[in-house]
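A quick write-up on the structure given underneath.
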Protein chains: 2
Amino acid sequence: MDDLETRELRYFVAVAEELHFGRAAERLGIAQPPLSRAIVQLERRLGVRLLDRDRRGAALTEAGHVLLREARTALDAVSAAARRTRRAANPDRPLVLVTKAGASHELLRALLDAVAADPGGPQVEVLLCEVGEQARRLRDGQADVAVMHHPYDDLAGFDTVDVHVESQVAIVPATHPLAVRESVTLAEVSAVPDLPIARWPRLDGTYPDGPGPEVRTQSQLAQLVALGRTLLVIPASSRAWQWPEHVAVPVTDAPEVTTLLAWPPHGHSPAVAALLRSAARLRGGSVADRPA
Amino acid sequence: MDDLETRELRYFVAVAEELHFGRAAERLGIAQPPLSRAIVQLERRLGVRLLDRDRRGAALTEAGHVLLREARTALDAVSAAARRTRRAANPDRPLVLVTKAGASHELLRALLDAVAADPGGPQVEVLLCEVGEQARRLRDGQADVAVMHHPYDDLAGFDTVDVHVESQVAIVPATHPLAVRESVTLAEVSAVPDLPIARWPRLDGTYPDGPGPEVRTQSQLAQLVALGRTLLVIPASSRAWQWPEHVAVPVTDAPEVTTLLAWPPHGHSPAVAALLRSAARLRGGSVADRPA
DNA sequence: AGATCTGATACCCGCCGGGTATTAGGCTCG
DNA sequence: CGAGCCTAATACCCGGCGGGTATCAGATCT
């Protein structure tokens, strides 16, 4: 019927995230009245109440929650359209590979070497981002392919190829009694009173309650471990945790972690295909590429 | 930086599909000059040439092809946002299940019965569409969940759960010599001179070359088989092919077909979850729900 | 009760999307 | 070889709508 405009979606997302018309307007670089009007118009067009206005700001209705989620993915898709189109016009476009800083270092290096050795292979540009950001970079077109980890990362909506499977270790301060152990169990590490698990921010920027320290980046967490304030369980190959003050102890019953390559469906550019070929050659051929 | 508007994307898609500014403008309900201007603006914003104008219309550049694909998915995402939001506001919203007409009839009936028997289960509305259309219905929000078939359907970008695996049969005219066979092989059915394989339209509406008849719908194909003009290979349970004039012959070496439920990632509504529970109960529990 | 938040309303203006008329460039065909 | 046409592009005008400022209205807290 009547299609929404991305401007309307951007405005709604701003309001839904700020839950405050004034701040949302400021963030958007417009005045508050036009914003109010735009949201009212949007509600009228959809025939749906999106926000419960209150003198203390606004709260999302159930439909509002749905639209927030859908609008984000739609806006990402629009951004991806623009970015990928620009990139397609660039004659010497490099393939952008995104991954978490410090993760799967060894494997990544081998993959990059393999691609570089392939005469017909693409130029690869590596983009590092914080934990959980890879999916968004793929969705909005900032990256072509990602190195991700199951079950850590959310793989919904991407095609993937498994590349490597490994077990996990606990990273503990070198000074802690656990550091001398041969191995530990999940139950043990999750119940160490003086080393509470760190808390990551939720999507809205707030932190869950709990005894552990608040962290926003891997570097912060690494330093907190070195300071003897927390511990964590991660794949054995992670390289951001190899300080002298860190000790890795195998966790016997932690789930195995699969390192994999992920890319947007339908995005079968020749460059991605070449990278996948290199990856397959790397690990000896067996790739399970059935998407779902 | 500067986000595109859905209007621009709609305009571009129209031109890219028609490859003719005049017809595209007519389809959009606007005049030709504003359309030309809009496309020029779009090209200027992206800094990319999208179309090679020629006196006989227009042709897509490489970047244009990329934008056409990306714009379609982006527009679907925007439509989905509107539709799902409207639906979320509907208190007694039924779950829309889309499937190909005639496919997996038995299983679908069992699934619907199972959901109806579940006191807490959702209302389910069944939407039938032609072959290959399910994915689009899911993407643009017209449906919540689809019954699809691997490897027939394109599952890229969806979460899925396998429900049933079956072998395939060849549907041949009852009057044909092959109809009396106990079983056949793929090589045999693909090389029957008087029963050439039917040709389906491509995305742009044109047909590939070949000796077989052109078809657009399952019904057309069913009738053509009954008339002794073609044959086809399909899953054994398909019910659109049980005319008296049809005979099903097992194909020994055809790949097995998996019937599955597919839904958009992140769309974990309670209703979909309830449907999946019913499906799991149906087949006795084992579901492999790892998305990628 | 008044100060001070919040979002909603009123009103005006300038830009931009859309319309009509016309131009410009090739192809076809007599 | 020029007339006619079919294409997209340009020129120009207009109206609607998106955005601005000023103001109102309800609620809460002091």
Side-chain angles (χ1 to χ4, degrees), chain A residues 1-61 63-65 67-68 71 75 78 82 204, chain B residues 1-61 63-64 67-68 71 75 78 82:
Chain A
M1 190 139 311
D2 48 350
D3 259 325
L4 305 180
E5 287 299 325
T6 65
R7 183 179 48 83
E8 306 181 83
L9 296 179
R10 281 197 305 273
Y11 285 9
F12 173 75
V13 169
V15 174
E17 286 179 355
E18 299 283 348
L19 293 178
H20 188 290
F21 281 72
R23 281 195 298 275
E26 187 182 4
R27 200 175 99 183
L28 293 166
I30 67 173
Q32 169 259 320
L35 217 205
S36 286
R37 194 179 51 183
I39 300 296
V40 170
Q41 272 181 13
L42 178 61
E43 287 179 321
R44 193 184 307 279
R45 291 177 88 185
L46 291 171
V48 166
R49 186 145 197 87
L50 299 170
L51 294 157
D52 286 323
R53 276 78 149 183
D54 191 78
R55 328 287 139 221
R56 208 152 218 74
L60 286 171
T61 65
H65 276 105
L67 183 58
L68 176 56
L75 289 176
V78 172
D204 59 1
Chain B
M1 182 134 307
D2 47 352
D3 262 325
L4 305 180
E5 287 300 325
T6 65
R7 182 179 48 81
E8 307 181 82
L9 296 179
R10 281 197 306 274
Y11 285 9
F12 174 75
V13 168
V15 174
E17 285 179 356
E18 299 284 348
L19 293 178
H20 188 290
F21 281 72
R23 281 194 298 274
E26 187 183 4
R27 199 174 102 183
L28 292 167
I30 66 172
Q32 170 259 320
L35 216 206
S36 286
R37 195 178 51 185
I39 300 296
V40 169
Q41 273 181 13
L42 179 61
E43 287 180 320
R44 194 185 305 280
R45 278 181 157 208
L46 291 172
V48 167
R49 186 145 196 85
L50 298 170
L51 294 157
D52 284 324
R53 276 79 149 183
D54 189 79
R55 342 284 143 224
R56 210 150 216 77
L60 286 171
T61 64
L67 183 58
L68 176 57
L75 288 175
V78 172

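Letters go in sequence order (proteins before strands), and every chain restarts at 1. These values consider heavy atoms only, across backbone and side chains, with no hydrogens, waters or symmetry-generated copies.
Residue contacts shown for A/Gln41 are limited to sugar-phosphate atoms, with no base heavy atom under 4.0 Å away.
In this structure, CD in A/Gln32 is found 12.5 Å from CZ in A/Arg23, a value given to the nearest 0.5 Å. Considering CG of B/Leu75 and OG1 of A/Thr6, their distance stands at 10.5 Å, rounded to 0.5 Å.
Residues that satisfy the side-chain contact (heavy atoms from CB on, under 4.5 Å) test with A/Ala38, not counting sequence neighbours, are A/Tyr11. The side-chain hydrogen bond (donor to acceptor under 3.5 Å, both in side chains) check on B/Thr61 picks up nothing, with sequence neighbours excluded. Applying the salt bridge (Lys or Arg N to Asp or Glu O under 4.0 Å) criterion to A/Arg7, with sequence neighbours excluded, gives no partner residue. Partners of B/Arg37 under the salt bridge (Lys or Arg N to Asp or Glu O under 4.0 Å) rule, at least two apart in sequence or in another chain, do not exist in this structure. A search for side-chain contact (heavy atoms from CB on, under 4.5 Å) contacts involving B/Glu8 returns B/Leu4, B/Glu5, B/Leu42, B/Arg45, not counting sequence neighbours. With sequence neighbours excluded, no residue forms a side-chain contact (heavy atoms from CB on, under 4.5 Å) with A/Ala59. Residues meeting the salt bridge (Lys or Arg N to Asp or Glu O under 4.0 Å) test with A/Glu17, sequence neighbours left out: A/Arg27, A/Arg72.
Shown here for A/Ala58 and A/Phe21, the closest heavy-atom pair between the two residues is CB-CE1, 4.1 Å.
Helix-axis bend for the helix from C/dA1-D/dT30 to C/dG30-D/dC1: the local axis fitted to the five terminal pairs at one end deviates from that at the other end by 10°, rounded to 10°.
Within the 4.0 Å cut-off from OP1 or OP2 of C/dG18, at least one side-chain nitrogen or oxygen of B/Arg7 is found.
Of the residues in residues 23-39 of chain B, B/Gly29, B/Ile30, B/Ala31, B/Pro33, B/Pro34, B/Arg37 come within less than 4.0 Å of DNA chain C through at least one heavy atom, sorted by number. Contacts between residues 9-20 of chain B and DNA chain D, defined by a heavy-atom separation under 4.0 Å, are made by B/His20.
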- [ ] For side-chain contact (heavy atoms from CB on, under 4.5 Å), just list the numbers for A/Leu50 and A/Val15, CA-CA rounded to whole Å, side-chain angles, deciding distance to a tenth of an Å, and then say yes or no.
- [x] CA-CA 10 Å; A/Leu50 299 170; A/Val15 174; over 6 Å; no

Open item on the list: side-chain contact (heavy atoms from CB on, under 4.5 Å) for B/Arg53 and B/Ile39? Distances and angles first, verdict last.
Closed with: CA-CA 11 Å; B/Arg53 276 79 149 183; B/Ile39 300 296; 3.9 Å; yes

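The CD-P distance, from B/Glu8 to C/dG18, rounds to 10 Å in whole Å. Rounded to whole Å, atom P of C/dA8 lies 9 Å from atom CG of A/Leu51.
The neighbour count for B/Glu26 CD, taken as heavy atoms of other residues, nucleotides or ligands under 6.0 Å away, does not exceed 12.
Protein chain A touches strand DNA chain D; the 5'-most and 3'-most nucleotides with an atom under 4.0 angstrom of its non-hydrogen atoms are D/dG18 to D/dA27.
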